[in-house]
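Notes to accompany the following structure.
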Number of protein chains: 2
Amino acid sequence: MSPAEGQKVVALQSLSSRTGDRSPRRAGARSGKASITLKDVAAAVGISQSAVSMALADHPRIGQARKDAVRSAVAELGYVPNSAGRALRSGRSASIAIVVPNTGQHVFGHPYFMHLLVGITAEANARDVAVMMSTNPDETHGVAAYERVLRSQAASGAIIASASITDLNVNRMLDAAMPVVLIGRFPHQPGAVSVGVDDVAGAGAITRHLIDAHGLRRIAHISGPLDHQTAIDRYEGFCTALAESDQPCTHALAVGDFSEESGRAAARQVLDSMSDVQAIFAANDEMAYGALLELRARRLKVPEDLALAGYDDFGVSRLTTPGITTVHVPAEDLGRRAAALLFDLVGGVVPHPTHTVLPVDITMRDSCGPHPD
Amino acid sequence: MSPAEGQKVVALQSLSSRTGDRSPRRAGARSGKASITLKDVAAAVGISQSAVSMALADHPRIGQARKDAVRSAVAELGYVPNSAGRALRSGRSASIAIVVPNTGQHVFGHPYFMHLLVGITAEANARDVAVMMSTNPDETHGVAAYERVLRSQAASGAIIASASITDLNVNRMLDAAMPVVLIGRFPHQPGAVSVGVDDVAGAGAITRHLIDAHGLRRIAHISGPLDHQTAIDRYEGFCTALAESDQPCTHALAVGDFSEESGRAAARQVLDSMSDVQAIFAANDEMAYGALLELRARRLKVPEDLALAGYDDFGVSRLTTPGITTVHVPAEDLGRRAAALLFDLVGGVVPHPTHTVLPVDITMRDSCGPHPD
DNA sequence: TTCATCTGCTGAAACGTTGAACTAGCCGGC
DNA sequence: GCCGGCTAGTTCAACGTTTCAGCAGATGAA
């Protein structure tokens, strides 16, 4: 294929040429399949377009008899309102965007996103609203792909997932006064509406689990990239739990990037530099799995030789042997709530409070040792 | 909150400084206009709206000097074309829909879908086209949700994923002459454009692998629901391979629904009814994993006591212990091709041939025994 | 009767974009 | 002096929807 610019031109031209030969086909009255508009319904019922529109909107000034007639004509003709016409006139489109600032592969590939999507679409479907996907393939673009989506008013609001805390575009959208709901915790965006999870508490809980329930004292943490709030919070929860424990604990930190590979590398680093590690707590399950692979390669048994804990519970931790004890993140619920809040926002209702924080809980599996219940 | 870490302090500082320069800008931007249209650009440059439109379309009748002026004004004002206006006028929206006929939970939850999505969005992004998601929350609706999306012309075409062969709505959309690309094999839709995978060959290959490379003779198949073409094809490949083999083989069939639970139940059934089973080939990895759980519960070792094979390779089979030998389905590529074909179709080019079939290959892991290479 | 008020609808004007048809000025050719 | 052809635009009419201002006719009140 050619460079992106070439493709764009091709697309535009094919678009215009299609319109050219579309008219004759439509004029040819080909089985009358040209789409049905208000005008057609109006003609069928014998009233004006406006009356049809008002009847469908259940306007009180239209008589019941007419409304019934309109409705049956609509059903019979199969009329579906044209979304462009409606959006143009009313200034609001019947769709919301879900924005994933990172470049396609990485975040889409993550099951987190899938769960989010399930929740969001469920909520959107209930309101007959479509969901548009938007990634940012190219950060060097003048206007980010997703900003373009919003500013073109193709969507009337957006849910932004997994933005790093340094993402400028988030600010730009907030500045442009667009209805936006952030997923995650954004302590430095006090004005924004966000839905997140209590990562500090989750990480604290699982760390305490390692310390108190399993009596482990030498614990390493594999964190995510520290420009992600999620990674920061999980690390902080880990540190706080250690500091508040009445047991004397030793810890180490290795930084990963949430990928399995980086988890494995971080485990390598930890095992080489810290003696007698008793437990590894990774900031997500993929990195925990990476660590598990490294442990396996070194013939270290989990949980006999070393305990392992993860975070997320999006699927990985359930499948491994041993199953990884992890913090369950209710991603689907997150998505559902984010969507609900967005609809409030689009409707002009500013939710209160603006930050929703969902609790998390630990899913016990076998990677920390026998369940101490 | 608690003792701050070195890295975290850095992050906080960089953030707060950005917040600082944001506030004044927001105050200024608030007073701005709702949104910038062609008219505003035209006024700024001092020419007519159409001239601006034509300049942006790189029309030859507009002089280079004007084009430059228009472009800089666009950049300065931050003009973004209104998608509704454009769609209304040109009769085509700059987005495609991806349609998942099944109800949200089930198919969205499947990693197959995620891979598809990666491929589709990659291709769509390259053309500056948005992707809309559409599921069918309620089959009793008069018009299916996704049909509504298409008929409202919110999307100019659709990719339909994982429809059962009995899905009526597919026919309705094809009849309505909408640009539609089906993912999967649809032998009963000769006129439709589809992208699929050679499941018969894939299942045949892995069955032969069990027979020829591992010398297994008593093989059970756990199929998917037999109203899905995928399930039919994989079963057929299995049978054909057995029939064509010069070895005398015995086989059994249990039908599942592609879920882990059904795989486990099917394995139970097979193990209870067929004596001396040597291998189980499941029609997807989730069912294979279910079978693995059942085998584990019966203290049967894989691969020592029984070989296991799956299909899909979307993640599950890589994570289990032992890793499951499976047929790799290039879902991302499938998505990419489907999108490319859809753009052809929307552009008026009917692809030739209409059915694309991608090859599959076997990913060897440890569930069948030592690699015989 | 006349005025006010309601009911049930119609007509027309937007919304932002595009492209065909037109124009104004200018040049060359006969 | 007229025609054709060029350049660099402008004007205008759509696309399908919603909504606001009318406007007949009916009803009621004075």
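Values below: every heavy atom of this structure, side chains too, minus hydrogens, waters and symmetry copies. For clarity, every value in this text was computed on a predicted model and none was experimentally measured. Just so it is clear: chains get the letters A, B, ... in the order the sequence lines come, proteins before strands, and each one is counted from 1.
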Item checked: Min side-chain heavy-atom separation Ile62(B)-Val70(B) under 4.5 Å ->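 Ile62(B) vs Val70(B): side chains apart.
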
Side chains of Tyr79(A) and Leu56(A): does their closest heavy-atom pair fall under 4.5 Å?
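Yes, close enough: below the 4.5 Å cut-off.
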
Spacing between [X] atom [atom1] and [N] atom [atom2], to the nearest angstrom:
| X | N | atom1 | atom2 | answer |
| --- | --- | --- | --- | --- |
| Leu56(B) | dG19(C) | CG | P | 12 Å |
| Arg92(A) | dT18(D) | CZ | C1' | 13 Å |
| Asn82(A) | dC15(C) | CG | C1' | 13 Å |
| Leu38(B) | dA14(D) | CG | P | 20 Å |
| His59(A) | dT17(D) | NE2 | P | 18 Å |
| Lys39(B) | dT10(D) | NZ | C1' | 16 Å |
| Gln153(B) | dC15(D) | CD | P | 13 Å |

In terms of side-chain heavy atoms, does Gln189(A) have a donor or acceptor partner in Ser194(A) at a distance below 3.5 Å?
->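 Judged by distance alone, the side chains do not pair up.
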
**Asked** Arg337(A): what forms a salt bridge (Lys or Arg N to Asp or Glu O under 4.0 Å) with it, not counting sequence neighbours?
**Response**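 Applying salt bridge (Lys or Arg N to Asp or Glu O under 4.0 Å) to Arg337(A) gives Asp333(A).
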
Heavy-atom contacts, protein to nucleotides 8-14 of chain C, under 4.0 Å, summarised as B (base), S (sugar-phosphate only) or - (none) per nt, yield BSBBBBB

Q. Which listed nucleotide (dG16(D), dT17(C), dT19(D)) is nearest to the side chain of Thr37(B)?
A.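 It is dT17(C).
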
Select one nucleotide: of dT17(D), dT17(C), dG16(C), the one nearest the side-chain heavy atoms of Leu88(B).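 Of the candidates, dG16(C) comes closest.
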
>> Restricting to non-hydrogen atoms, name the atom on Val45(B) and the atom on Ala73(B) that form the minimum distance, rounded to 0.1 Å.
In response: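 Scanning both residues, the minimum pair turns out to be CG2-CB, 3.6 Å.
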
Legend entry - Crowding at CZ, Arg127(A) (>12 non-hydrogen neighbours, <6.0 Å):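 Enclosed.
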
